[in-house]
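Reviewing the structure listed below.
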Amino acid sequence: MSEVYTFGVKSGQHSAMIDITREVQNVVKDSGVKNGICVIFVPHTTAGITLNENTDQDVIRDFIMEVNKIIPLSDGYHHVEGNSAAHIKSNILGTSQTLIIDEGRLLLGTWQGIFFTDFDGPRIRKVHVKVIEG
Ligand code: ZN
């Protein structure tokens with residue numbers, strides 16, 4: 001129950017938002033914890049974790065479209081690796097989420113899902129999940 005569970009996420013595109021709600025819910029279920037806290041953490045500097053609607057895929061499509069306008073791929077950045085936009089997007093979205101576990105399930109709104117966000121793909125990434133009873 002106290003261990004960290006890790007799973008992989010494969011992003012097929014440069015900018016991607018991948019619904020990982022089911023994977024995280026399965027970690028919670030396997031932990032046996034009925035009430036507590038679930039921490040989801042991404043150990044990357046060009047990826048992030050966020051919540052958003054997971055019913056209409058156009059919500060995600062619109063988000064990626066707009067975020068790429070706000071933080072363009074090239075804008076005279078100094079970082080020599082060439083992926084500054086991805087680092088900035090990672091900072092804005094953040095690399096962790098903390099969710100409440102209620103009656104063995106993640107306490108999410110009707111329309112909410114958990115999204116792994118990649119802005120420097122395609123790559124194989126990691127997601128860590130820690131479940132704490134309490
Ligand atoms: Zn970099």
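We count ligands from 1, going down the list as the structure has it; atoms in each ligand are counted the same way.
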Requested in this report: State whether the side chain of Ser90 and the backbone N or O of Ala47 hold a donor-acceptor pair below 3.5 Å, judged by distance alone.
Outcome: yes

Report task. Could you name each residue pair satisfying salt bridge (charged side-chain N to carboxylate O under 4.0 Å, His left out) that touches residues 27-38, not counting sequence neighbours? Result -> none

**Report entry** Residues which pass ring pair (Phe, Tyr, Trp, His ring centres under 6.0 Å) with His87, listed by chain and number, not counting sequence neighbours
**Finding:** His79

Query raised in the report: Any Lys/Arg nitrogen of Arg123 or Asp120 sitting under 4.0 Å from an Asp/Glu carboxylate oxygen of the other?
Result: yes

Report summary line: Shell check on the Zn ion (ligand 1): protein N, O or S atoms less than 2.8 Å away are His79 NE2, Glu81 OE1, Asn83 OD1, His87 NE2

Query raised in the report: Hydrophobic clusters join Ile, Leu, Val, Met, Phe, Trp and Tyr when side-chain heavy atoms are under 4.5 Å apart, directly or via other members; which others share one with Ile70?
Result: Met17, Ile60, Phe63, Ile64, Val67, Ile71, Tyr77, Ile88, Ile92, Leu93, Phe115, Phe119

Requested in this report: Give a yes or no on this: more than 12 heavy atoms of other residues, nucleotides or ligands lie within 6.0 Å of atom CG of Leu107.
Outcome: yes

